[in-house]
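Since the structure is predicted, the reported quantities are computational estimates derived from the model, not experimental observations. When reading the values below, keep in mind they use all heavy atoms of this one structure, side chains included, and skip hydrogens, waters and symmetry mates.
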Amino acid sequence: MEVANNITEFLFLGLSQDPKLQLMFFFLFLLFYTVIIVGNLLILFTVCFESKLHSPMYFFLSNLSFVDIAYSSATAPKMIADFISEDKTISYWGCVTQMFTFHFFGCAEIFVLTVMAFDRYAAICQPLRYSTIMSANTCAMLAFLSWAGALGHSFVQTLLTFQLPYCSARVIDHYFCDVHPVLKLACADTSLVNLLVVANSGLISLGCFLILLASYIVILLSLRKRSSESRKKALSTCGSHLTVVTFFFVPCIFIYLRPSTTFPLDKAVSVFYTTITPMLNPLIYTLRNEDVKNAVKHFWRHRVLGEEKKG
């Protein structure tokens with residue numbers, strides 16, 4: 001059935017209407033976005049070109065870096081441009097596209113982080129069978145399932161939201177097209193859609209978070225029988241992963257595992273998981289992981305600076 005819409009564009013209220021704050025936010029988030037792109041590209045290229053990092057763990061880390069670039073790019077460029085623009089509108093189909101890409105890459109990040117926890121479980125708890133469990137085919141299949149699952153989630157989420165009619169209200173009290181702020185503008189009963197959104201986004205976030213916590217509890221229990229050196233190395237790697245997981249999942253659960261109600265804190269929480277976490281990921285993985293840190297130094301010295309000298 002064709003849905004009747006009188007809306008051709010939406011208007012964002014953004015993070016603030018104060019011109020001075022908007023200018024400050026412009027430079028601040030431009031810096032954040034630059035760090036996201038540079039940091040994650042550096043990890044992505046390092047994993048690709050440094051043979052020492054050609055292992056399942058770093059294969060999924062490169063997936064995570066790619067996701068972080070795409071995920072933040074779904075919202076950050078528009079948000080940054082709106083800080084210095086009087087026209088803070090987005091077309092109807094632009095809003096559809098933004099919501100689809102945001103949830104696609106956001107859900108892909110959830111699944112990739114979950115797969116990374118499984119990889120650490122296999123490496124620490126099943127070291128003798130690790131190469132068999134995490135074979136190249138298995139890694140490719142897990143990556144494919146992560147992206148396919150994210151595609152299905154995003155398609156359902158976007159379809160649920162935009163199959164509703166939008167009549168006259170067009171002001172979105174947010175800085176990007178997310179489900180709850182957009183649903184508030186629908187001129188129809190959204191109670192069923194709200195319930196389905198919680199079941200879709202909220203339960204995915206909570207379910208994967210509980211799986212991650214369970215895997216790390218098993219890992220920590222298994223480390224009791226290891227030497228102090230192996231415990232230290234395992235805890236360093238898992239500590240990095242657990243930090244990323246906490247920064248990403250807790251805000252997602254706060255936003256999506258509840259009915260369609262909005263709080264003043266929502267925008268700040270959304271900034272945290274759309275911008276801050278993708279910026280922190282490369283810093284956390286390089287500063288807390290000696291292998292990545294050394295590989296980045298080697299990549300920068302021998303490939304980047306070496307090519308400059310040749311030129």
Should [X] and [Y] count as side-chain neighbours, where that means a heavy-atom distance under 4.5 Å?
| X | Y | value |
| --- | --- | --- |
| Phe10 | Ile7 | yes |
| Tyr92 | Glu9 | no |
| Ile219 | Tyr216 | yes |
| Pro282 | Leu42 | no |
| Thr158 | His103 | no |
| Gln22 | Ile84 | no |

For [X], the rest of its hydrophobic cluster, which grows through side-chain links under 4.5 angstrom:
| X | value |
| --- | --- |
| Val171 | Leu11, Leu13 |
| Met141 | Phe144, Leu145 |
| Val38 | none |

Could you walk me through whether Tyr33 and Ser73 satisfy the side chain to side chain contact (heavy atoms under 4.5 Å, CB included) test, starting with their C-alpha distance in whole Å, then the side-chain angles of each, then the deciding distance to 0.1 Å, before giving a yes or no? CA-CA 8 Å; Tyr33 187 57; Ser73 296; 2.7 Å; yes
How would you list, by chain and number, every residue that makes a side chain to side chain donor-acceptor pair (under 3.5 Å) with [X], sequence neighbours excluded?
| X | result |
| --- | --- |
| Thr138 | Ser135 |
| Asp189 | Ser191 |
| Thr161 | none |
| Tyr175 | Thr274 |

Parallel, tilted or perpendicular: ring planes of Phe25 versus Phe83, cut at 30 and 60 degrees: tilted
So, taking the atom named [atom1] in [X] and the one named [atom2] in [Y], what distance separates them when rounded to the nearest 0.5 Å?
| X | Y | atom1 | atom2 | value |
| --- | --- | --- | --- | --- |
| Met279 | Phe29 | CE | CZ | 9.5 Å |
| Ile43 | Asn281 | CD1 | CG | 8.0 Å |
| His180 | Ile172 | NE2 | CD1 | 14.0 Å |
| Asn63 | Asp68 | CG | CG | 11.0 Å |
| Ile80 | Phe32 | CD1 | CZ | 10.0 Å |
| Arg170 | Leu185 | CZ | CG | 10.5 Å |

So, for [X] and [Y], which heavy atoms are closest and what is the spacing to 0.1 Å?
| X | Y | result |
| --- | --- | --- |
| Pro181 | His174 | CG-CD2, 3.3 Å |
| His153 | Ile204 | ND1-CD1, 3.6 Å |
| Leu160 | Gln163 | O-NE2, 3.0 Å |
| Val269 | Pro251 | CG1-CB, 3.5 Å |
| Gly94 | Ser91 | N-OG, 2.9 Å |
| Phe12 | Asp82 | CD1-OD2, 3.6 Å |

Would you kindly confirm whether [X] and [Y] end up in one hydrophobic cluster when ILVMFWY residues are joined by side chain heavy atoms under 4.5 Å apart?
| X | Y | value |
| --- | --- | --- |
| Ile211 | Phe111 | no |
| Leu113 | Ile217 | no |
| Val156 | Leu195 | no |

Counting only N and O atoms by type, is there a donor-acceptor contact under 3.5 Å from the side chain of [X] to the main-chain atoms of [Y]?
| X | Y | value |
| --- | --- | --- |
| Ser215 | Leu212 | yes |
| Ser154 | Ala150 | no |
| Thr190 | Ala186 | no |
| Glu109 | Tyr71 | no |
| Asn40 | Ile36 | yes |

Contacts satisfying disulfide bond (SG atoms under 2.5 Å apart) that involve residues 88-161 (not counting sequence neighbours) are Cys95-Cys177
Taking only residues two or more places apart in sequence, or in another chain, which ones meet [X] in a ring pair (Phe, Tyr, Trp, His ring centres under 6.0 Å)?
| X | answer |
| --- | --- |
| Phe272 | Phe247 |
| Tyr130 | none |
| Phe104 | Trp147 |

Ring centres of Phe100 and Phe155 under 6.0 Å apart? no
Any chance you could lay out the side chain to side chain contact (heavy atoms under 4.5 Å, CB included) test for Met116 and Met57, step after step, and finish with the verdict? CA-CA 7 Å; Met116 289 175 74; Met57 175 183 172; 5.7 Å; no
Check side chain to side chain contact (heavy atoms under 4.5 Å, CB included) between Ile133 and all other residues, then give those that pass, not counting sequence neighbours. Phe118, Ala122, Gln126, Arg129
What residue among Phe209, Phe254, Tyr273 forms ring pair (Phe, Tyr, Trp, His ring centres under 6.0 Å) with Phe249? Phe209
Using the side-chain hydrogen bond (donor to acceptor under 3.5 Å, both in side chains) rule, take Tyr256 and Asp178 through it: C-alpha gap first, then chi angles, then the decisive distance, then the call. CA-CA 10 Å; Tyr256 295 110; Asp178 203 4; 2.6 Å; yes
Working note: Ile110 + Ser205, criterion side chain to side chain contact (heavy atoms under 4.5 Å, CB included); need CA distance, chi angles, decisive distance, verdict. CA-CA 7 Å; Ile110 287 175; Ser205 301; 3.7 Å; yes
Can you tell me if Phe59 has over 12 outside heavy atoms packed within less than 6.0 Å of its CZ? yes
Go through the steps to decide whether Gln98 and Phe176 satisfy the test side chain to side chain contact (heavy atoms under 4.5 Å, CB included), and finish with yes or no. CA-CA 8 Å; Gln98 187 180 58; Phe176 70 98; 3.5 Å; yes
Asp87/Thr89 under side-chain hydrogen bond (donor to acceptor under 3.5 Å, both in side chains): CA gap, chis, key distance, verdict: CA-CA 6 Å; Asp87 182 20; Thr89 59; 2.6 Å; yes
Is it true that Lys267 and Asp173 make a salt bridge, defined as a side-chain N closer than 4.0 Å to a carboxylate O? yes
